[in-house]
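Right, one structure below, let's go through it.
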Amino acid sequence: MASNEELFRKIIAHAKEYGFVFPSSEIYDGLSAVYDYGPFGVELKNNIKEYWWKSMVQYHENIVGLDAAIFMHPAVWKASGHVDAFNDPMIDNKDSKKRYRADVLVEDFILKLEDKIEKEAEKAAKRFGDTFDGKMFRETNPRVLENLQKIQEIKQRFYPALERNDLADVKLLIEELGIVCPISGSRNWTEVRQFNLMFSTQMGSVNEDANTIFLRPETAQGIFVNFLNVQKSARMKIPFGIAQIGKAFRNEIVARQFLFRMREFEQMEMQYFVRPGEEMKWYSYWKDERMKWHLSLGIPAEKYRFHDHDKLAHYANAAADIEFEFPIGFKEIEGIHSRTNFDLGAHQEYSGKKMQYFDQELDERYVPYVVETSIGLDRTFLAVLSNAYREEKLDDGSERVVLGIPARLAPIKVAILPLIKKDGLPEKARELMDTLKYDYRCFYEEKDTIGRRYRRMDALGTPYCLTVDHQTLKDDTVTIRDRDTMKQERIRITDVSIVLREKVAK
RNA sequence: GCGGAAGUAGCUCAUUUGGUAGAGCGGAAGCCUUCCAAGCUUCAGGUGGCGGGUUCGAGCCCCGUCUUCCGCUCCA
């Protein structure tokens, strides 16, 4: 385990050193759980996006794209359940796995105490009959006084604690009061957490007109609210899918896991709309499809596994994660969820618009069911990067650091290197560069010895290096060097483009 | 969130008990050039995380603060 953490640290350092990923706002000490993609990182990220988009949209006639705005009407998040589920101080009981609002637990406890006082008074009233003075009793009875004082103490502590968001004190109070879970009867509580999962901001330049709106915590809702627009304008027939790549934002409580858990992240999602009753068929279809996609990246199968959910979110009737073995262990990289008709149904209810589809074959109108595939772009980036990173000891005793990034995803596809910086080799190399740069992301480099330049390209994950030497001037051939095997072969300049196309597509 | 450790050049680190900062690697320019790091020359780059205190004098001592890392906690 220790060596894996070491590895993770090395990958993070390498990512920074070689221009893949920088901590956000680093010169101001950074911004926690936010990262920037550097010159080579953005290339890799774009390549992953492009590959996903092609796999989903271009290769499926019945899947179309969408790019919905990050800002959406606040009602969207009401309908989706995000507002209610994530805005209160919550606490979980570890035994019953039940989640409670912490403020409700305490207030219920206060009610119980008040109840006790009531009962005490009732009993006394019976005992004393007509001579009973309720007011006097409450002012003098020791047990009543004790409870009253307790209520007073709780209130004086509880409300200020809520006011200043002192969740630790709220938990302490719950523990000190000995509040138990009504289901498990245990006092085994988690920390109290404020579930303001969503970031908010103001829309409207004048303050008084300002409306609080949220930065979307998932891209899916942009698809759901456009369901009718897309279905009608693109004349889609069920089953069909809508795909989208975009940023989403979550106020994570604990981040600290590099790209794995960021406050601002990017999702690649596809919502597949199906007939009610057929959702399980499509759910298992997409589970298979998505796993195949991951394996097509050339990453070994043993790095992946499925994790089926037993506990389901409020909107799902089946859910599985595809997990990847990061250096920090197996973690979710993609989720495949059968979301039922929950979302479209909720939007239909809240908006009053019919979110329905008329199925001509069935001669029936219905709210479609949805199967979602949702993959974390940043997590995929991290998976590719951590799978690619390796340190090698070579036969001659030297070492090298290589990023074995699949060629089709590599930031730089090919480096063009004159063997030495004179005898007209740079000029010849430039010529070659000019013929290739429209089709491939190229990198030209003439400084330092050829060996050092190869190593630099290895560290960037550049799969191929073309070297222009003296023989090139004579017969128009160059050597092409393979990053992984370090082997070279000599090919004709006129064949370079074809050879590259074949290799890069692999 | 709690506890521990650390913050000196792009990176890795050094600076013996406080006396106004160095190395290797990397980078840039040039030389040489035999296709797989470590040949030669030159150069750039640090208000020692930030703020305050003690002292004639602080990177080194004290306090505060921020950030990072590790552990625990937590994790749609």
Side-chain angles (χ1 to χ4, degrees), chain A residues 1-2 5-6 8-10 12-14 16-19 22-33 80-82 85-86 90-92 94 99 165-172 189-195 197-198 217-218 220 248-258 260-261 265 267 309 311-316 319 321 331-332 335 337 372 374 376 392-402 415 417-423 425 446-459 465-472 478-483 485-488 490:
Chain A
M1 253 322 169
E5 284 159 15
E6 184 64 29
F8 196 49
R9 250 176 275 137
K10 279 181 176 170
I12 294 168
H14 190 89
K16 186 182 163 200
E17 180 104 33
Y18 285 90
F22 309 126
S24 166
S25 318
E26 200 187 9
I27 61 169
Y28 293 106
D29 286 332
L31 184 64
S32 174
S80 70
H82 285 84
F86 302 110
M90 308 294 277
I91 189 164
D92 295 355
K94 289 179 183 170
R99 175 166 293 165
N165 232 341
D166 187 349
L167 301 181
D169 198 45
V170 173
K171 188 199 177 185
L172 208 60
W189 298 107
T190 63
E191 300 299 318
V192 176
R193 282 156 300 150
Q194 190 76 40
F195 268 84
L197 165 100
M198 293 191 286
E218 63 172 21
F249 306 83
R250 288 185 197 174
N251 236 330
E252 300 291 350
I253 296 160
V254 178
R256 289 205 296 195
Q257 288 186 90
F258 193 45
F260 186 80
R261 180 160 282 130
F265 58 102
Q267 293 182 303
H309 286 213
K311 221 176 80 187
L312 297 171
H314 58 281
Y315 52 73
D321 294 338
K331 302 266 188 185
E332 174 186 358
H337 292 185
E372 164 189 274
S374 172
E392 289 182 355
K393 254 213 151 57
L394 303 177
D395 293 340
D396 63 3
S398 65
E399 291 170 16
R400 69 167 186 162
V401 174
V402 197
L417 315 169
L419 182 61
I420 58 174
K421 205 172 24 174
K422 59 176 190 182
D423 302 336
L425 298 187
E446 60 183 31
K447 189 177 157 51
D448 291 320
T449 62
I450 190 70
R452 190 197 283 266
R453 280 177 276 163
Y454 285 150
R455 296 299 165 92
R456 269 204 285 262
M457 287 300 112
D458 291 340
C465 292
L466 297 170
T467 303
V468 171
D469 58 12
H470 291 91
Q471 191 181 331
T472 308
V478 292
T479 61
I480 181 166
R481 171 198 183 260
D482 183 280
R483 173 195 64 205
T485 64
M486 298 172 70
K487 296 250 169 59
Q488 289 176 278
R490 188 167 281 276

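Chain naming here is simple, since letters A, B, ... match the order of the sequence lines and numbering starts at 1 in each.
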Spacing of A/Arg453 atom CZ relative to B/G26 atom C1', expressed in whole Å: 17 Å
Base paired to B/C50 (Watson-Crick or G-U; both N/O distances under 3.5 angstrom): B/G64
Complementary nucleotide of B/U55, counting Watson-Crick and G-U pairs under 3.5 Å: none
Nearest-angstrom distance from the residue atom CG of A/Leu425 to C1' of B/C35: 12 Å
From B/C69, B/U33, B/A76, nucleotide with atom closest to A/Arg9 side chain: B/C69
Sugar-phosphate, base or nothing in reach of A/Arg456, heavy atoms under 4.0 Å: sugar-phosphate
Value in whole Å for how far the P atom of B/C36 lies from CG of A/Leu419: 10 Å
Sugar-phosphate, base or nothing in reach of A/Gln488, heavy atoms under 4.0 Å: base
B/C13 to B/G7 separation - P atoms, rounded to the nearest Å: 10 Å
Non-hydrogen side-chain atoms of A/His470 and A/Ile420 separated by less than 4.5 Å: yes
Between B/C36 (C1') and A/Lys393 (NZ): distance, integer Å: 17 Å
Nearest-angstrom distance, C1' atom, B/A6 to B/G59: 14 Å
Paired nucleotide for B/U16 [Watson-Crick or G-U wobble; both distances under 3.5 Å]: none
Base paired to B/C72 (Watson-Crick or G-U; both N/O distances under 3.5 angstrom): B/G1
Who pairs with B/U34 - Watson-Crick or G-U, where each distance is under 3.5 Å: none
C1' gap between B/U20 and B/G57, integer Å: 8 Å
Options B/C70, B/A29, B/C35, nucleotide nearest the side-chain atoms of A/Lys447: B/A29
Flag side-chain contact, heavy atom, 4.5 Å: A/Glu392 against A/Asp458: no
Between C1' of B/U34 and NZ of A/Lys421, the distance in whole Å: 17 Å
P spacing across the pair B/G3 / B/A76, given as an integer number of angstrom: 26 Å
Any A/Cys465 side-chain heavy atom under 4.5 Å of A/Met486 side chain: no
Any A/Arg250 side-chain nitrogen or oxygen under 4.0 Å from OP1 or OP2 of B/C75: no
Candidate nucleotides B/G10, B/A76, B/C35, ranked by approach to the side chain of A/Lys16 - the nearest: B/G10
Nucleotide of B/A37, B/C36, B/A76 approaching A/Thr449 most closely (side-chain heavy atoms): B/A37
Among B/A37, B/C75, B/C35, the one nearest A/Arg261 by side-chain distance: B/C75
Earlier contact from the 5' end, RNA chain B, for A/Ala13 and A/Asp469: A/Ala13
Test item: A/Arg250 and A/Phe265 side chains (from C-beta on) under 4.5 Å apart, heavy atoms: yes
Whole-angstrom distance between B/C36 and B/G30, as gauged at atom C1': 24 Å
Nucleotide forming a Watson-Crick or wobble pair with B/G26, both distances under 3.5 Å: none
Nearest-angstrom distance from the residue atom NE2 of A/His14 to P of B/U12: 14 Å
Distance, C1' atom - from B/U68 to B/C50, rounded to whole angstrom: 15 Å
side-chain contact (heavy atoms from CB on, under 4.5 Å), paired with A/Val478, selected from A/Thr467, A/Leu417, A/Leu466: A/Leu466
Nearest-Å distance for atom pair CZ/P, residues A/Arg455 and B/C25: 16 Å
A/Arg455 side chain near A/Arg452 side chain, heavy-atom distance below 4.5 Å: no
Pairwise P distance, B/G45 and B/A9 [rounded to whole Å]: 15 Å
From A/Glu446 atom CD to A/Lys422 atom NZ, the distance as rounded to the nearest 0.5 Å: 13.5 Å
Polar side-chain contact A/Glu17-B/C11 base: donor and acceptor under 3.5 Å: no
A/Arg481 (side chain) and B/C36 (base): donor-acceptor pair under 3.5 Å: yes
A/Gln471/A/Leu419 under side-chain contact (heavy atoms from CB on, under 4.5 Å): CA gap, chis, key distance, verdict: CA-CA 11 Å; A/Gln471 191 181 331; A/Leu419 182 61; over 6 Å; no
Rounded distance (Å) that lies between atom P of B/U12 and atom NZ of A/Lys10: 12 Å
Polar side-chain contact A/His337-B/A76 base: donor and acceptor under 3.5 Å: yes
Whole-Å C1' distance, B/G4 and B/C11: 26 Å
Position toward the 5' end of RNA chain B (nearest nucleotide), A/Gly451 or A/Ile420: A/Ile420
